[in-house]
Novice: 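Handing you a structure now.
One is the number of the first residue; the rest follow in order along the sequence. Since the structure is predicted, the reported quantities are computational estimates derived from the model, not experimental observations.
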Amino acid sequence: MDAGLKTAYRNAKAAYENAKDEGNHREEARWANVIGDILKNRGDYCDALKWLRIDYEISLKYLPEKHLLPTCQSLGEVYFRLEDFKNALIFQKKHLELARDANDIVEQQRASTQLGRTYHELFTRSDHDHNSIRNAKKYFKCAMDLAVKLKENPPNSKSSFLKEYIDAHNNIGMLEIDLDNLHDARKILTTGLEICDEEEVAEFDDGRSRLHHNLGNVYMELRLWDEARKNIKRDIVICNRIGHCQGEAKGYINLGEMHYRTQRYDDARAYYDKALGLAKSLEDEDALVKQIEQNIETVREAVKVIADITKEEQSLKKLKRDIAAARGTSHERKFLLQQNAVVERLVEKARTISAWEKHCEFAKEKKKIASELCDRQRLADSYLDVAESYQKLRKFNKAIKWYKKSWQMYKNIGNLEGQALVKINIGNVLDSTSNWRDALDAFQESYSIAVEADLPDVQLSALENMHYSNMIRFDDEDETRRLKLLIDKLKKSKEKEAAAKNMSEDCCSETDTEADDYLSNSGYDNICFPKTISRSKAPTTGEELEDDAPLMSLYQSIKSSSKNKTGYKESLLNCTKQAEHSSSSLKNQPIDHQTIVSRKRPHVILSDDDDDDEVKCSSRKDHDCLVDDLPTYNAIKSKASPCKIQVISEHGSKSEINVEESSTSFKCSSPYTTTKTGRHSRSLSNDVFAEANFRTGSKCDTDFSGKQNDISQPRLHHPQNDSQKCIACRIGNDIVHVEASLCTTGDQLNIDSLKAVVACLYYLQFPSEKRSEGLLPIIEHMKCAGRNMESLETVEHLKEVLGNDMVEASVDGWIHKRLIKMYVDCCKELSEVPNIKVLKKLYNLEVSDDEIVVSDCDLQDLSITPLINALHSQKSFAMLDLSHNLLGNGTIEKLQKVFTASGQSYGGLTLDLHCNRFGPTTLFQICECSLLFARLEVLNISGNRLTDACGSYLSTILKNCTALCSLNIENCCVTSRTIQKVADALDSRSALAHLSIGYNSPVSGNVTVNLLSKLSTLKRFSELNMSGLKLGKPVVDTLCKLAGSLTLSGLMLGGTGIGTEGAKKLVDSLLKGNEELVKLDLSYCGLTCNFVLNTSVNFFCSILELNLEGNPIMHEGSDTLFSLLVNPQCCLKVLVLRKCQLGLTGILHIIEALAENSCIEELNIADNSVPKEYSALQYDLSVKSCSQNQEQKLDTMQVDDNQEILCSLNAANYKLEVADSEDIPLEAAASGIDDSCASSCQKNSSPECHLTEQFAIAIGKAKNLQLLDLSNNGFSAQAAETFYGSWATLRPLSSQKHITEQIVHFSTRENKCCRVKPCCKKA
C-alpha cells in the first residue's frame, strides 16, 4: 500500500473509532464503508468484506433503509471479485430492489449492470444454465435502457451518464461474443466507439480501452488480423497513458496470441515477454504471471512442432521422389502408404498449432494419396480434413461443400458414424452463419443416425449441440430441459459401460497392417484401437487390399499416437480440441476427431485428461473451438485440452467480463476466465474450465486484483459435484437427483423428506402445460434393491445397498397444491430458480393449504419475493411461519401489502417470525395494517434484535389487536423499559393468555413485579415464560400469589435461579390451584436433591410436563423419583432430567420405574454419567476379589493388550441386581435381548456388560415410552445397539433410532427425535 493509501486508511480508521465511541451510527457506518472501499481498491477483498459487513449490520439495525444502497452495492462487488456468486447475487438483487423502492434510476442502472455481469460469469462457467443466460440478457438490456434514459434525462447537471451508456454497449457486445454472434458483437462495439467520437469522449478514456480490447478479440476470431492488431494496440496505448498496468499487460498478451495464431512465434514471444515484465511489476498478480509463463512455454513447444513439420515435409518430398521412381512396380503401394502416414502426422501437427493454411495444404495432399490408393474410406476422411480447414479459416461456403462431399462418400460406403459426425460439423458451420434452424435440423439428423447405428458418443455430441441450439438460439425452456434429461440418462448408461470399455481399450486389433508397419518405423508402433468402423473395401487394380488397414482406424491411431508419442508437450496438443479428442474421444471412432464436432458451443465437454471418456461426449469435440484460437484458448476453448496459452487467467483470464459495475468501473480481468466467447467456456465437467477467452487480457468495468485470478478451479454450483452426496431416484422413465442434505438429519435419512423432495423435483421436470395444473405426485412407496426404504437409516447404508442402482419410487396418487404452482410460476417470471426447501415445506401433506410453513429455508428479503408474490394471489391464509430464515424488515413491508390486498378482516392469524433478522420497524408495519387488528391471534417474534425501540409498537399491538392471545418476545434485546410498556398496555379486557419475555436483559425486579400484578387481572391468562431472567425474592413472592390466583397451565422459569426454597414455595402455591398444571420448567434453577426428597406425591399427580434439567439432584434423589414415578396416580407425560448427576445407577433406577408407569411418553436422562464411574467400579471390585481369596468365582474378560482383567459386580454396593446365570436367558427373552447377547453377558461378568444387560432389560419393560434420550452417558456403540434391540422388540413397526458418537436417541415414528428445534415446540 503506497503512502497515500496508508494515510487514508489510518485517517478513516481513526474517524470510525471516534464515531463508534460517540454512538454516531450514521458516521460509524459511513467510515466502515470507506475503509472497506480502500481495502477493496488495493485488492484485500477479505478484509474489505469484514468492514463492509460492519457497515451493513449497522445500517440494517440503526439507519433508514436507503443507507443500505451503497453498502449492498459494495458487498455485491466484493463477493463477485471473490467469486462467491451466490452471495454476490443476494446483495446485488438487494441493491436493485432498494434502488427501485427509492426510485433511484442511477443505482438501478448500476445494480442491473452488476447483476448482468454476475449472471454472465455464471453462464460462461456452466453447461446447462439456462437461467443465467436469460438473466444476463435481461439485466444487460435493462442497464442499456436505463443508461439511455439517464443520458437523455440526466437527474442532475453534474453528470451526463455518457460513460454508463458506453459501457452498456461494451457489456452487451461482450455477451454477444460469448454467444458466438461475432458480427452482432462487432456492430455493437463499433457503435460504442462511434458514440465516443460523436460525444467527444477523451482520447484516452478507459471506456474506449474496453471497447478496443473486445473489438480486438472479435476481429481476431474473425481472422481479420489487421483490424485486430489496430484495436489491440490502441487498447495498449490507452492503458499505458492512464497508468492501467494490468490492462496494458493483458493487451500485450492478446497481441502475443494474435501472432501465435499466425505462426509468427518470435513476435509472439516478444510480446509475451513485455506482458510478463508488466505483470511482475504488479502486486498479487501471481496468476497472471503464471499464465503468461505458460503461454511462453506453449510458444516454445509450437516452435518445436514447426521444426518437426519442416523435417516431415523433407521426408514427404523424398517419398514423392521414391513414388515417382516406383510407379507401376510392386513397391508403389508401399510408398503410398508411407506417404499417407507422413501426411497424417503433418495434418495432426498443423492442427495442434492452429496452422490452418498448412492444415488445408496437407489435407489436400492426403486427398490425392487416398485417390491414388482408391480407398474411399480414406478419401472421406480427407474430405473432412479439408472441410475442417475451411471452417477454421471461416470460409464457410467451401467448408459446407467439402463436408457434403465427405457425407456423400460415407453414405456410399455405408459408414453411419461418419455420416453422423459430418452432420454435426455441418450444423456447426450453419450455426456460425446464423442459419440456426438448419443447424438444429442437422444436429437432429445426426442424432437419428447415431441412434440407428448405436453410437453413444456421437449421440451425446449431437444431443449437446441440440441442447445448445435450443437454449441459446431458440430459448426453448421445455425442449432444453427434455434434452438435458436425455443427456444425463445417456451419460449414466455410458458410466456403467466404462469398465468394459477400459478393458477393451487395452487389447490390440487382431491384425497388423502394412501401414502400421510403416508407422512403427517412425515411432508410432503398437498403437491399438479396439473398434474400427466396418467399411466397404475400395476397388483396386484387381487385387484385394487385405494388407491395407481401414483408414479410419489407421487415421485414428495415427492421430492419437501423434499426440501421445511425438515429442512436443501435451499442453500444446491439448490446445487443440482435436488433439485431445484424437486420443481420447476418438478412441472408439475410426473417423477423425476433427470431424467430430466442431461446435462453437459453449458447453462442450472436453476434459483435460486424454483418457477421459467425457471428452468424447464433449459437445463440441470440435476443434473448431479451439483451434483457431490461440494456444491458450485452445485449452479453454477447446475445452478439450488444458491448453496453455490461456490468455489470461488460467481460466481465461482474459477476462471477458467487461461489465460495468459502477460508474467508475475499470478494466479488469474477470475472476474467471470467460471463454473465448464464453461459449467455449462451458464444459460439462467441473475439472475443465471454460476456455479462457481467446482474449487474453480481459477487461472488465471494474478493476480486479490478481487475487481473483489465483483461482484455477471452476467453482460452479453443480448438483453433481463430487463433494455432494446425491441420491438418484427413478419414477417410471424419469430420473430425479436429490441432494442428500435435503432429506437427512445428521447422517440419518428421513424417508418422508426424501419422498417430498422427489415429488417436488419430479413436478419441476414437467412441461409448462402440465405444471399449470398444479398437481403434484403423492409418493407412498420407495424401494432400493427390492428393499423397503423404511429400513434404511443412513445415507451411507443406502449407498451400500444401492451400489450402481437407483431408488425406485412410484406415484400413488396426485394432490393439488395451488400455492406451489403459483410459487413456481412467480420464480419463472423473476428468472429465479425455485428454492427446493420452500417447495418441500409447501408440499407437506400434514398441513392444510391455509397453513404456510416455510421455516428454515435459507430465505432472505430477495429470495422470498416469488413466495410473497404467490401469497398475493392466494390472498387468504390462517398461519404464516417464516421462522429460522434470514429475513429483514423489507419482507414485512411486502407482507403488509399482502395482508392489505387480501381485504380479509376476520379469521384468526398466526404469525411466527422468530429467529430472523427483523428489527423494531417490523412491528411498525404490523401497527400500520389495520386489517390485522381483528385477526392477529399469535405473534412470535422471539430471537430478533428488536431493542427498546420496539416498545411503543408492542404497546400499540397489545392495545389494538383485540384477538391477540399469545405474544413471544424472548431474546429480543429488550430491557425493563420495554417490559414496563408491555405491562402498561395490558388491562382486564385483554385476551392475552400466553406471554414469553425470557432471555432479555436487564429486567429489574420492580418492573417484573408490576407486570405480574397486571397479569393477575387478566381473565384468560394461563401461561408465562420468564426463562433466563434472574428472579429475586420479591418477584418469587409475587409469582406465588399469581400462581394461587390464576389457573396457570404453564410456567417456564428455566435459568431464573429461584433456588430450592423458592421452587418449593412456588410448587405449594401451584398445588392450591383448581386445574392441573400442564407444564413446569425449573431447569437450571439451583435445585438440590432436597427439592425432590420433599416433593409431595400430589405434585407428580397434577402435572404433565416437568423439566428439572441442570439441577444437581444426584443419586440420592433417584430413589425418591423412583417412588414418585411408580405411584399409580402419577400423570407425568414428559420428564427431563438431563445433567442432573444421577449416575448410571440412578439412570437405571429411573428407567426401571417406567415398567410400572403407564403415563410417561418422553424421558430425557442424557449427560448423567459420573466421571470415572466404571474405573472406580472396577478398582473396588478387583481389591475386594483379592481379599476374598476367590470366595467368589470370577469371570475373565480378554482385552486388546491380551491382559486378563478379573472383575465382578458387587450388587450390594451398586444397587444393581444381577440375575443368576440360569435366569439370564429368561430375562433376556422377556426384555427382547437376543440369545447371543445374553450368552455374551453370561461369559463376561464385567461391570459394563452387566450394566448393559440391566439397562436393556429395563428399556424392554418401558412399554409406554415413545422417546428416550440416553446421550452422553458413556455408553459404547455396541451397548447402544443392544438397548435399541430391546426398544424395538415392543415397537417392531414404529421404532426409530438416532445413534452417532455420543448421541443415543430412541423414538417412534409418530414422535421422532430431533424433528423440531427446541424453540419451535408447541406449547
Novice: So, does Asn889 use its side chain to make a donor-acceptor pair with the main chain of Phe918 at under 3.5 Å?
Specialist: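 Judged by distance alone, no pair lies under 3.5 Å.
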Novice: Are any of the side-chain heavy atoms of Leu1031 and Met1026 separated by less than 4.5 Å?
Specialist: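 Answer yes - side chains close enough.
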Novice: Does Lys837 come within less than 4.0 Å of Asp856, counting only side-chain N to carboxylate O?
Specialist: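 Salt bridge: no.
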Novice: Other residues, nucleotides and ligands only: do more than 12 of their heavy atoms fall within 6.0 Å of NZ on Lys897?
Specialist: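 Counting neighbours around NZ of Lys897, 12 or fewer heavy atoms of other residues, nucleotides or ligands fall under 6.0 Å, so no.
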Novice: In plain terms, say whether Asp849 and Arg818 are close enough for a salt bridge, that is, a side-chain N and a carboxylate O under 4.0 Å apart.
Specialist: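 No, no charged N to carboxylate O under 4.0 Å.
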Novice: With salt bridge (charged side-chain N to carboxylate O under 4.0 Å, His left out) as the test, would you mind laying out the steps for Asp1037 and Lys1041 before giving the verdict?
Specialist: CA-CA 6 Å; Asp1037 291 341; Lys1041 292 179 183 178; over 6 Å; no
Novice: Counting C-beta onward and ignoring hydrogens, is there a side-chain heavy-atom pair between Glu769 and Asp478 closer than 4.5 Å?
Specialist: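 Sidechains of Asp478 and Glu769: in contact.
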Novice: So how far is it from Cys142 SG to Asn135 CG, rounded to the nearest 0.5 Å?
Specialist: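 So the gap between those two atoms works out to 11.5 Å.
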Novice: As a quick check of understanding, evaluate side chain to side chain contact (heavy atoms under 4.5 Å, CB included) for Leu967 and Leu992, giving each step before the final call.
Specialist: CA-CA 8 Å; Leu967 175 64; Leu992 193 66; 4.2 Å; yes
Novice: Got a second to check how far Leu1053's CG is from Leu1039's CG, nearest 0.5 Å?
Specialist: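 The distance works out to 5.5 Å.
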Novice: Grab the two heavy atoms, one from Arg935 and one from Gln904, that are nearest each other, plus how far apart they are.
Specialist: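 Nearest heavy atoms, Arg935 then Gln904: CD-O, 3.3 Å.
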Novice: Please name the pair of heavy atoms, one in Thr1056 and one in Cys1085, separated by the smallest distance, quoted to 0.1 Å.
Specialist: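 In terms of heavy atoms, the two residues are closest at OG1-SG, 3.5 Å.
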Novice: Are a donor atom and an acceptor atom from the side chains of Asn1010 and Gln980 found within less than 3.5 Å of each other?
Specialist: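 Checked: Asn1010/Gln980 side chains pair up, N/O donor to acceptor below 3.5 Å.
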Novice: Tell me, do Ile836 and Val757 make a side-chain contact under 4.5 Å, heavy atoms counted?
Specialist: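 Yes, close enough: below the 4.5 Å cut-off.
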Novice: Please assess Ile926 against Leu911 for the test side chain to side chain contact (heavy atoms under 4.5 Å, CB included), listing each intermediate value before the final yes or no.
Specialist: CA-CA 10 Å; Ile926 295 176; Leu911 203 53; 4.2 Å; yes
Novice: So, is the end of the Lys770 side chain (NZ or CZ) under 6.0 Å from the ring centre of Phe766 and within 45° of the ring's axis?
Specialist: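 Judged by the rule, Lys770 and Phe766 form a cation-pi pair.
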Novice: Is the backbone N or O of Asp987 less than 3.5 Å from a side-chain atom of Ser990, with the two atoms forming a donor-acceptor pair by type?
Specialist: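 Looks like no, no N/O pair under 3.5 Å.
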Novice: Under 3.5 Å, is there a donor-acceptor pair between the His914 and Asp912 side chains?
Specialist: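 Note: His914 and Asp912 side chains meet the donor-acceptor criterion.
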Novice: Say whether, by atom type as modelled, one donor and one acceptor occur between the side chain of Ser1049 and the main chain of Ser1022 under 3.5 angstrom.
Specialist: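 Judged by distance alone, yes, a pair lies under 3.5 Å.
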Novice: Under 4.5 Å between any side-chain heavy atoms of Leu913 and Asp881, yes or no?
Specialist: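 The answer is no, as the side chains (C-beta and beyond) never meet within the 4.5 Å cut-off.
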Novice: Write down the atom of Ile979, the atom of Ile969, and the distance for their closest heavy-atom approach.
Specialist: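 Heavy atoms only, the tightest pair is CD1-CD1, 4.3 Å.
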Novice: Working note: Thr1308 + Leu1267, criterion side chain to side chain contact (heavy atoms under 4.5 Å, CB included); need CA distance, chi angles, decisive distance, verdict.
Specialist: CA-CA 7 Å; Thr1308 61; Leu1267 182 61; over 6 Å; no
Novice: Output the distance between atom CG (Leu845) and atom CD (Glu780), rounded to the nearest 0.5 Å.
Specialist: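 Reported to 0.5 Å precision, the distance equals 8.0 Å.
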Novice: CG/Leu819 to OG/Ser873 distance, rounded to the nearest 0.5 angstrom?
Specialist: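 Leu819 CG to Ser873 OG: 9.0 Å, rounded to 0.5 Å.
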Novice: Within this structure, what is the CG-SG distance for the pair Leu995 and Cys965, rounded to the nearest 0.5 Å?
Specialist: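 It comes to 12.0 Å.
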Novice: Between Ser741 and Glu739, do the side chains contain a donor N or O and an acceptor N or O under 3.5 Å apart?
Specialist: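 Note: Glu739 and Ser741 side chains meet the donor-acceptor criterion.
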Novice: If we ignore hydrogens and angles and just use 3.5 Å, is the side chain of Tyr62 paired with the main-chain N or O of Arg26 as donor and acceptor?
Specialist: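 No, because the side chain of Tyr62 does not come within donor-acceptor range (under 3.5 Å) of the backbone of Arg26.
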Novice: Which heavy atom of Leu931 sits nearest to which heavy atom of Gly903, and what is that distance?
Specialist: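 Closest approach of Leu931 to Gly903: CD1-CA, 3.9 Å.
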Novice: Of all heavy-atom pairs between Lys821 and Ser772, which one has the smallest distance, and what is that distance?
Specialist: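 Between these two residues, the closest heavy atoms are CE-O, 3.3 Å.
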Novice: For the side chain of Lys817 and the backbone of Leu839, is there at least one donor-acceptor N/O pair under 3.5 Å apart?
Specialist: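 Side chain of Lys817 to backbone of Leu839: no pair is present.
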Novice: Is there a donor-acceptor contact under 3.5 Å from the side chain of Asn944 to the main chain of Ser942?
Specialist: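 Yes; judged by distance alone, with no hydrogens or angles, the pair exists.
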Novice: Should Ser902 and Ser876 count as side-chain neighbours, where that means a heavy-atom distance under 4.5 Å?
Specialist: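 They are not in contact (no side-chain heavy atoms under 4.5 Å apart), so the answer is no.
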Novice: Would you mind reporting whether Met782 and Val758 have side-chain heavy atoms less than 4.5 Å apart?
Specialist: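 Yes, at least one pair of side-chain atoms sits under 4.5 Å.
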Novice: Is a side-chain donor-acceptor pair under 3.5 Å present for Glu851 with Ser848?
Specialist: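 The criterion, which ignores hydrogens and geometry beyond distance, is satisfied for Glu851 and Ser848.
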Novice: Output the distance between atom CG (Leu1018) and atom OG (Ser988), rounded to the nearest 0.5 Å.
Specialist: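 It is 8.0 Å, given to the nearest 0.5 Å.
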Novice: Just by modelled atom types, is the Met879 backbone N or O under 3.5 Å from a matching donor or acceptor in the Thr910 side chain?
Specialist: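 Side chain of Thr910 to backbone of Met879: no pair is present.
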Novice: Please find the pair of heavy atoms, one from Cys857 and one from Asn835, that lie closest to each other, and give the distance.
Specialist: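 Nearest heavy atoms, Cys857 then Asn835: O-ND2, 2.9 Å.
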Novice: Asp861 versus Leu887: any side-chain heavy-atom pair under 4.5 Å?
Specialist: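 Asp861 vs Leu887: side chains touch.
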Novice: Return all side-chain donor-acceptor pairs below 3.5 angstrom for residues 971-978, not counting sequence neighbours, or 'none' if the list is empty.
Specialist:
unit_1	atom_1	unit_2	atom_2	d
Thr975	OG1	Asp948	OD1	3.2
Thr975	OG1	Asp948	OD2	2.5
Ser976	OG	Pro1002	O	3.3
Ser976	OG	Ser1004	N	2.7
Thr978	OG1	Asp948	OD1	2.6

Novice: Could you go step by step and tell me if Lys828 and Glu477 meet the salt bridge (charged side-chain N to carboxylate O under 4.0 Å, His left out) rule?
Specialist: CA-CA 11 Å; Lys828 185 175 181 180; Glu477 182 180 3; 3.4 Å; yes
Novice: Strictly by modelled atom types, are Asn885 and Gln860 linked by a side-chain donor-acceptor pair under 3.5 Å?
Specialist: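 There is no such pair between these side chains.
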Novice: Would you please test Leu1106 and Val1134 for side chain to side chain contact (heavy atoms under 4.5 Å, CB included) and show each step?
Specialist: CA-CA 6 Å; Leu1106 177 62; Val1134 179; over 6 Å; no
Novice: Taking Lys1014 for its side chain and Leu986 for its backbone only, find out whether a donor-acceptor pair lies under 3.5 Å.
Specialist: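 Yes: the side chain of Lys1014 pairs with the backbone of Leu986.
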Novice: Show, in sequence, the C-alpha distance, side-chain angles and deciding distance for Glu97 and Lys894, and conclude whether the salt bridge (charged side-chain N to carboxylate O under 4.0 Å, His left out) test is met.
Specialist: CA-CA 12 Å; Glu97 184 179 15; Lys894 298 172 187 175; 2.5 Å; yes
Novice: Going by the rule side chain to side chain donor-acceptor pair (under 3.5 Å), which residues pair with Gln108 if we only count those two or more places apart in sequence or in a different chain?
Specialist: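 Listed in chain order: nothing, the list is empty.
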Novice: With a 3.5 Å distance limit and no angle check, can you tell me whether Thr956 reaches the backbone of Ser952 through a side-chain donor-acceptor pair?
Specialist: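 Indeed, once roles are kept as given, a pair shorter than 3.5 Å links the two residues.
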Novice: So, for Phe91 and Tyr56, is the gap between ring centers shorter than 6.0 Å?
Specialist: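 Yes: the rings meet the under 6.0 Å criterion.
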Novice: For Cys826, is there any backbone N or O sitting under 3.5 Å from a side-chain donor or acceptor partner on Asn869?
Specialist: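 Absent.
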Novice: Can you tell which of Glu1162, Glu1105, Glu1161 makes a salt bridge (Lys or Arg N to Asp or Glu O under 4.0 Å) with Lys1133?
Specialist: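 Between Lys1133 and the candidates, salt bridge (Lys or Arg N to Asp or Glu O under 4.0 Å) is satisfied uniquely by Glu1161.
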Novice: State, yes or no, whether a side-chain contact exists between Asp858 and Leu886 at a heavy-atom distance under 4.5 Å.
Specialist: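 SC-SC contact between Asp858 and Leu886 ruled out.
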